[in-house]
2 protein chains.
Amino acid sequence: MRGFHRMNAGWWHGRFRGCGYRITLPRQMIIELLNRTTAHLSAEDVYLEVHKMHSDIGLTTVYRTLELLVQMGIVLKFDFGDGRARYELAETSKGRKHHHHMVCTNCGRIIDYADFIDEEIELLSRTEKGLSKKFNFEITNHLIQFYGLCDQCQKTIKRLSRPSVSQ
Amino acid sequence: MRGFHRMNAGWWHGRFRGCGYRITLPRQMIIELLNRTTAHLSAEDVYLEVHKMHSDIGLTTVYRTLELLVQMGIVLKFDFGDGRARYELAETSKGRKHHHHMVCTNCGRIIDYADFIDEEIELLSRTEKGLSKKFNFEITNHLIQFYGLCDQCQKTIKRLSRPSVSQ
DNA sequence: TCACTTATTGATAATGGTTATCATTATCAA
DNA sequence: TTGATAATGATAACCATTATCAATAAGTGA
């Protein structure tokens, strides 16, 4: 709630009106929610959370709004391989840092990292330049993700695969 | 057919038996198909193609086999955002080059590129090293993709958004 | 070669995230 | 306040992928 106002509700309003869209309660609630969390929420997560405050907001609207926000470039949509899309607010000037993701293929845990971002971004923009020149492809977005086993799961797997005494 | 034999059927046989799996006709057909194309086939694509030769191979088996091959690291599974998974043989020593993908968000066209791979790979392996140390995360795989508009679609979009005379 | 264990198959039904439909309601400029 | 139209939400449909399970095939040991 506070975050939304801090981010200047008027800005969102203008951004929406500029595209011919209206700013409505469900849209406000969804933006506010995304703005006050750093979690990787699924559409259902968003629905359940928003539903707590306003039980008349439907799941369909949540899907539609998220899709709209993605189109507008306000929200990023990710697929971490668990069969449902995840959404998070794109980085803004207000403290939200650009980051990439590591996905544990065993437990599904997502780790955000921004440690090696600078080098990555630099290489990416160089690559983008090369690619758009060679293929005349207008690049608007990129995706980098790492997959593997998180700290916890490494231990678990090792414990499970260790031969027992009786064998 | 020829491709399969060139790649040494015995090798596949050993690879499978080593994991306790059997090498069967459907599995052979699917590997052969993937080996003779560079397309990004969906499970249904594979099914339809394999079905031409052996109409008794079922869709379920195709899904299962692809999943198995992914588990074994023989096949890579991609999501290009059109709601269905795409599969391609992982690079082997036989001429298949490691590459990344650009995805046209308008028409869904996929472009393979391997031009800036070396730098990318180098940065990726450095990043992987840093990440696994910092987060104790055992990285087994990575994903890089670029999204944007292909040559064709840029023209189309521009033409469509140009105001008509009557307006 | 035969018998037997077990992996594999494939038709079918079920699952589940996401979208299409459509009548109703809310927004906002005039 | 009004009127044009954007937005909503309950419901049903969609559709890629999985689970089920009886039938079959592959490989092993005798």
Side-chain angles (χ1 to χ4, degrees), chain A residues 9-10 12-31 33 40-72 74-75 77-87 108, chain B residues 9-10 12-31 33 40-72 74-75 77-87 108:
Chain A
W12 291 110
H13 194 274
R15 190 93 165 65
F16 272 76
R17 299 305 345 235
C19 300
Y21 302 134
R22 295 172 180 172
I23 184 74
T24 63
L25 182 67
R27 289 177 181 175
Q28 282 180 37
M29 299 307 295
I30 291 170
I31 294 175
L33 170 60
H40 314 93
L41 302 177
S42 68
E44 195 188 358
D45 292 337
V46 172
Y47 169 71
L48 290 175
E49 202 60 35
V50 167
H51 199 261
K52 282 183 191 169
M53 310 303 291
H54 295 270
S55 60
D56 52 344
I57 295 178
L59 181 59
T60 307
T61 298
V62 170
Y63 271 106
R64 264 189 306 231
T65 301
L66 288 171
E67 195 53 39
L68 184 69
L69 293 170
V70 170
Q71 303 289 7
M72 296 173 73
I74 292 172
V75 162
K77 183 178 183 177
F78 293 96
D79 167 35
F80 296 135
D82 64 344
R84 63 188 61 195
R86 304 274 171 178
Y87 302 86
Chain B
W12 292 109
H13 194 274
R15 189 92 165 65
F16 272 74
R17 299 305 346 238
C19 301
Y21 301 134
R22 294 171 180 173
I23 185 76
T24 63
L25 182 67
R27 290 176 179 175
Q28 282 180 40
M29 298 307 295
I30 291 170
I31 293 175
L33 170 59
H40 314 93
L41 302 177
S42 68
E44 194 187 358
D45 292 337
V46 172
Y47 169 71
L48 290 174
E49 203 60 35
V50 166
H51 199 259
K52 283 182 189 169
M53 310 303 292
H54 295 269
S55 60
D56 51 344
I57 296 178
L59 181 56
T60 306
T61 298
V62 170
Y63 271 105
R64 264 189 306 231
T65 301
L66 289 172
E67 195 53 40
L68 185 69
L69 293 170
V70 170
Q71 303 288 8
M72 295 173 74
I74 293 171
V75 162
K77 184 178 183 177
F78 292 96
D79 167 36
F80 295 135
D82 65 344
R84 62 189 60 197
R86 304 274 170 177
Y87 302 86

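In what follows, every chain begins at residue 1, and chains take the letters A, B, ... in the order their sequences are listed. Keep in mind that what you see is a predicted model, and the values were worked out from it rather than measured.
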Q | Strand partner of C:dA29, provided both Watson-Crick or wobble distances fall under 3.5 Å | A |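 D:dT2 is the nucleotide pairing with C:dA29.
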Q) What is the pairing partner of D:dT28, taking Watson-Crick or G-U wobble pairs with both distances under 3.5 Å in any strand? A)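 Pairing partner: C:dA3.
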Q) In this structure, which one of B:L48, B:V46, B:L66 forms a side chain to side chain contact (heavy atoms under 4.5 Å, CB included) with B:L41? A)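 With B:L41 as partner, side chain to side chain contact (heavy atoms under 4.5 Å, CB included) holds for just one option, B:V46.
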Among [options], the one nearest [X] by side-chain distance:
{"X": "B:A85", "options": "D:dT8, D:dT17, C:dT8", "result": "D:dT17"}
{"X": "A:Y21", "options": "D:dT17, D:dA7, D:dA25", "result": "D:dA7"}
{"X": "B:R17", "options": "D:dA26, D:dT28, C:dT18", "result": "D:dT28"}

Q.
Let me spell it out: for each of A:P26 and B:Y87, pick the nucleotide of DNA chain D with the closest heavy atom. Which residue's pick is nearer the 5' end?
A.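 The 5'-side residue here is A:P26.
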Short side-chain N/O contact to [N] OP1/OP2 from [X], under 4.0 Å:
{"X": "A:T61", "N": "D:dA7", "answer": "no"}
{"X": "B:T24", "N": "C:dA7", "answer": "no"}
{"X": "A:Y63", "N": "C:dT19", "answer": "no"}
{"X": "B:H13", "N": "D:dA26", "answer": "no"}

Q) Salt bridge or not for A:D79 and A:R84, using N-O below 4.0 Å? A)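 Salt bridge flag = no for A:R84 with A:D79.
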Whole-Å distance separating the [atom1] atom of [X] from the [atom2] atom of [N]:
{"X": "B:H54", "N": "C:dT9", "atom1": "NE2", "atom2": "P", "value": "13 Å"}
{"X": "A:H51", "N": "D:dT8", "atom1": "NE2", "atom2": "P", "value": "15 Å"}
{"X": "A:E67", "N": "D:dG9", "atom1": "CD", "atom2": "P", "value": "17 Å"}
{"X": "A:R27", "N": "D:dG9", "atom1": "CZ", "atom2": "C1'", "value": "14 Å"}
{"X": "B:R22", "N": "C:dT9", "atom1": "CZ", "atom2": "P", "value": "10 Å"}
{"X": "A:L66", "N": "D:dA7", "atom1": "CG", "atom2": "P", "value": "15 Å"}

Would you list the protein and nucleotides 10-14 of chain D atom pairs, both N or O, that sit under 3.5 Å from each other?
{"residue": "D:dT11", "atom": "O4", "partner": "A:T60", "partner atom": "OG1", "Å": "3.4"}

Q | Pair A:H51-A:V62, side-chain contact (heavy atoms from CB on, under 4.5 Å): steps then yes or no | A | CA-CA 10 Å; A:H51 199 261; A:V62 170; over 6 Å; no
(Q) Determine whether A:L68 and A:R27 satisfy the following criterion, side-chain contact (heavy atoms from CB on, under 4.5 Å), listing intermediate values before the conclusion. (A) CA-CA 10 Å; A:L68 184 69; A:R27 289 177 181 175; 3.6 Å; yes
Q. side-chain contact (heavy atoms from CB on, under 4.5 Å) between B:F16 and B:M72: does it pass, once the steps are laid out?
A. CA-CA 9 Å; B:F16 272 74; B:M72 295 173 74; 4.2 Å; yes
Q: Starting from the C-alpha separation in whole Å, work towards a yes-or-no answer on ring-ring contact (aromatic ring centres under 6.0 Å, His included) for B:H40 and B:F78.
A: CA-CA 9 Å; B:H40 314 93; B:F78 292 96; 7.5 Å; no
Q) Base, sugar-phosphate alone, or nothing: which one does A:R84 contact when heavy atoms must sit under 4.0 Å apart? A)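 If one applies the 4.0 Å heavy-atom cut-off, A:R84 turns out to touch the sugar-phosphate alone, with no base involved.
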Q | B:T61 side-chain N/O to B:I57 backbone N/O, donor-acceptor pair under 3.5 Å | A |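 Checked: no pair found.
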